Amino acid sequence: GRPWAKDLVHVPFGMVSFEGQTLSTRKGQVVYLEEFLNKAINKALALINEKNPSLENKEQIARQVGVGAVIFYDLYSSRIKDVDFWWDRALNFDGETGPYVQYTHTRCCSVLRKAAEMSLPEADMNALTDDEAQALLRLLGRFPDVIKEAAEKYEPSMITRAVTDIAQAYNKFYYEHRILDGEPATAAARVALTKATKDVIKTGLWLIGIEAPERM
């Protein structure tokens, strides 16, 4: 009887299980969200202490990474598919995961901090002719259409997969080309591409409720 009822849409999603175990409230097999997220944060903090113990604001970044890993894992597959959550997969920094995409964002931030200390000329965008840069540009250019389609289909996994593809493409570009070296106008173009990548990844993560730390 509410006036807004006519605008409601039922959006179904698949079953959720935890490390091979089916969840059931009737059988007492439940996972409480607050405890689950706290465990994710603690696991992320342990990884940070192992890989980068001198990192500032470790607790804040652990929260961003831990919570982000859970959201990303849940939203990576099509919403109608079943999800089986595994800690080692969700918190993996290699692969199609939240921490991997977040780390790519921090890599872009690191490049931009170094570039800010340089005196670069106006970018020569015509210099971005290599295959890696072109592949990345195509993905960035398509992202607005991905957002529109994801909204129309109520399918957040389209955004999750798009930012993963962009992160993978940027990392390939990063490894194949020394961004800040070489001809200054070319370096400036590569920095501009890095900035665009950073902005799109941050926007994509924000759209699915994940923060993008600048250091990890």
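Note that the coordinates shown come from a computational prediction; the quantities given were computed from them, not determined experimentally.
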Could you go through residues 4-19 and list every donor-acceptor pair under 3.5 Å that involves a side-chain atom there, pairing it with any protein atom two or more places apart or in another chain?
unit_1: Ser17; atom_1: OG; unit_2: Val83; atom_2: O; d: 3.4
unit_1: Ser17; atom_1: OG; unit_2: Asp84; atom_2: OD1; d: 3.1
unit_1: Glu19; atom_1: OE2; unit_2: Trp87; atom_2: N; d: 3.3

Exercise for the section: Mind checking the SG-CD1 spacing from Cys108 to Ile179? Nearest 0.5 Å is all I need. Expected result: 7.5 Å
Handout entry: Lys114 and Leu180, any side-chain heavy atoms less than 4.5 Å apart
Key = yes
Problem - Interatomic spacing from NE2 in His177 to CG in Leu193 - rounded to 0.5 Å - result: 10.0 Å
Handout entry: Exercise: do Thr194 and Tyr174 side chains pair donor with acceptor under 3.5 Å
Key = no
Practice task
Following the transitive rule for hydrophobic clusters with a side-chain heavy-atom cut-off under 4.5 Å over Ile, Leu, Val, Met, Phe, Trp and Tyr, establish whether Met118 and Met125 coincide in one cluster.
Solution key: yes
Exercise for the section: Quick one: pull up CZ in Phe173 and CD1 in Ile166 and give me the separation to the nearest 0.5 Å. Expected result: 14.0 Å
Result block: side-chain N/O donor-acceptor pairs under 3.5 angstrom for residues 43-57, not counting sequence neighbours:
unit_1: Asn49; atom_1: OD1; unit_2: Lys58; atom_2: NZ; d: 2.8
unit_1: Asn49; atom_1: ND2; unit_2: Leu45; atom_2: O; d: 3.3
unit_1: Asn52; atom_1: ND2; unit_2: Met216; atom_2: O; d: 3.1

Practice task
Determine whether Arg178 and Arg190 make a side-chain contact, defined as any pair of heavy atoms from C-beta on separated by less than 4.5 Å.
Solution key: no
Practice task
Would you check if Glu155 and Ser78 make a side-chain contact, meaning some heavy-atom pair closer than 4.5 Å?
Solution key: yes
Exercise for the section: Check whether any side-chain heavy atom of Val111 lies under 4.5 Å from a side-chain heavy atom of Tyr170, and answer yes or no. Expected result: yes
Handout entry: Sub-4.5 Å side-chain heavy-atom contact between Phe85 and Asp74
Key = no
Handout entry: Note: Lys195-Asp199 ion pair, threshold 4.0 Å (strictly below)
Key = yes
Problem - Sub-4.5 Å side-chain heavy-atom contact between Cys109 and Arg215 - result: no
Exercise for the section: Working to the nearest 0.5 Å, report the span between CG of Asn92 and OH of Tyr73. Expected result: 11.0 Å
Practice task
For the pair Gln134 (side chain) and Leu128 (backbone), establish whether a donor and an acceptor sit closer than 3.5 Å, ignoring hydrogens and angles.
Solution key: yes
Completion exercise
All heavy atoms of Leu205 vs all of Ala212, minimum pair found to be CD1-CB, 4.0 Å
Exercise for the section: Answer yes or no: is there a side-chain heavy-atom contact under 4.5 Å between Leu91 and Thr97? Expected result: no
Problem - Separation of Lys81 NZ from Tyr76 OH (nearest 0.5 Å) - result: 10.0 Å
Practice task
With the side chain counted from C-beta on, respond yes when Glu211 and Lys202 share a heavy-atom pair under 4.5 Å apart, and no when they do not.
Solution key: no
Practice task
Grab the two heavy atoms, one from Val65 and one from Phe93, that are nearest each other, plus how far apart they are.
Solution key: CG1-CZ, 4.4 Å
Exercise for the section: Report yes or no: do Ile80 and Met158 belong to one cluster of Ile/Leu/Val/Met/Phe/Trp/Tyr joined by side chain heavy-atom distances under 4.5 Å? Expected result: no
Table please: side-chain donor-acceptor pairs of residues 136-151 below 3.5 Å, with sequence neighbours left out.
unit_1: Glu149; atom_1: OE2; unit_2: Lys153; atom_2: NZ; d: 2.8

Exercise for the section: State yes or no: do Trp206 and Ile201 share one hydrophobic cluster built from I, L, V, M, F, W and Y residues joined by side-chain heavy-atom distances below 4.5 Å, directly or via other members? Expected result: yes
